[in-house]
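The structure appears below as structure tokens.
Please read all numbers here as calculations on a predicted model, not as lab measurements.
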Amino acid sequence: MDAAAVKQAIEKGVPGATAEVTTPRNPDHAAEDPHYAAVVVAEAFEGQSLVDQHRMVYDALGEAMTREIHAIELRTYTPTEYQESEVP
């Protein structure tokens, strides 16, 4: 699973989400140890705890989290939180 597929799975599985997915580790080692970082913005996160927001993303990724993705660093925001943040 590459970064584009991770992005697509998140955006499909979390209602109204937009995601930016990167591979912060050495791409030469990505095949055997796939790590990703994702910034996910969704209205569906409104009123949800951070744990619940992350659970929504993990649910969207489904079995890929245990089979194809070694680790993912998540930053989740509501649209308002994202606008007020200093995320580039």
Side-chain angles (χ1 to χ4, degrees):
M1 177 172 254
D2 64 7
V6 173
K7 172 185 170 62
Q8 182 179 20
I10 292 170
E11 290 180 347
K12 181 179 178 185
V14 178
T18 57
E20 179 182 332
V21 179
T22 59
T23 52
R25 298 190 62 169
N26 183 337
D28 293 335
H29 301 288
E32 63 266 357
D33 198 16
H35 284 69
Y36 299 96
V39 175
V40 184
V41 181
E43 286 186 25
F45 295 152
E46 193 69 49
Q48 302 293 321
S49 70
L50 185 60
V51 170
D52 288 337
Q53 292 174 17
H54 286 204
R55 187 173 292 129
M56 291 171 73
V57 176
Y58 293 138
D59 288 348
L61 294 169
E63 290 186 15
M65 281 303 301
T66 58
R67 297 183 180 185
E68 300 176 59
I69 299 171
H70 178 77
I72 187 165
E73 173 189 330
L74 293 176
R75 289 189 286 165
T76 55
Y77 302 91
T78 65
T80 301
E81 290 171 335
Y82 186 75
Q83 287 178 339
E84 294 172 353
S85 75
E86 295 182 16
V87 178

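Scanning all heavy atoms of the two residues, the minimum distance from Asp2 to Tyr36 falls at CA-OH, 3.6 Å. Nearest heavy atom pair, residue Ala44 against residue Pro15, reads CB-O, 3.7 Å. The two atoms that bring Met1 and Ala64 nearest to each other are SD-CB, 3.7 Å, heavy atoms only. In plain terms, the two heavy atoms of Gly13 and Ala60 that are nearest each other are CA-CB, 3.7 Å. Val14 approaches Met56 most closely through the heavy-atom pair CG2-O, 3.8 Å. Residues Pro79 and Glu43 approach most closely at CG-CG, 3.6 Å, considering heavy atoms.
The aromatic rings of Tyr82 and Tyr77 sit perpendicular to each other, their planes meeting at more than 60°, with 30° as the lower class boundary.
No donor-acceptor pair under 3.5 Å is formed between the side chain of Glu46 and the backbone N or O of Thr78.
Residues passing the side-chain hydrogen bond (donor to acceptor under 3.5 Å, both in side chains) test with Thr66, sequence neighbours excluded: none. Judged as a side-chain contact (heavy atoms from CB on, under 4.5 Å), and not counting sequence neighbours, Gln8 has no contacts. Every residue was checked against the side-chain hydrogen bond (donor to acceptor under 3.5 Å, both in side chains) condition with Glu84, not counting sequence neighbours, and none meets it.
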- Message: Using the rule given for side-chain contact (heavy atoms from CB on, under 4.5 Å), can you reason through Arg55 versus Val51, listing the C-alpha separation, both sets of side-chain angles and the distance that settles it, and then say yes or no?
- Response: CA-CA 6 Å; Arg55 187 173 292 129; Val51 170; 3.6 Å; yes

- Message: Please evaluate residues Phe45 and Val57 with respect to the criterion side-chain contact (heavy atoms from CB on, under 4.5 Å), reporting the C-alpha separation (whole Å), side-chain torsions for both, the decisive distance (0.1 Å), and the verdict.
- Response: CA-CA 10 Å; Phe45 295 152; Val57 176; 4.0 Å; yes

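Distance CZ/Arg75 to CG/Leu50: 12.5 Å, rounded to 0.5 Å. Note that NZ of Lys7 and OG1 of Thr22 are 11.5 Å apart. Values are rounded to the nearest 0.5 Å. For the atom pair CD1 of Ile72 and OH of Tyr58, the computed distance is 7.5 Å after rounding to the nearest 0.5 Å. The CD atom of Glu20 lies 11.0 Å from the CD1 atom of Ile10; values are rounded to the nearest 0.5 Å.
Tested against Thr76 for a side-chain contact (heavy atoms from CB on, under 4.5 Å), the candidates Gln53, Gln48, Glu81 yield a single pass: Gln53.
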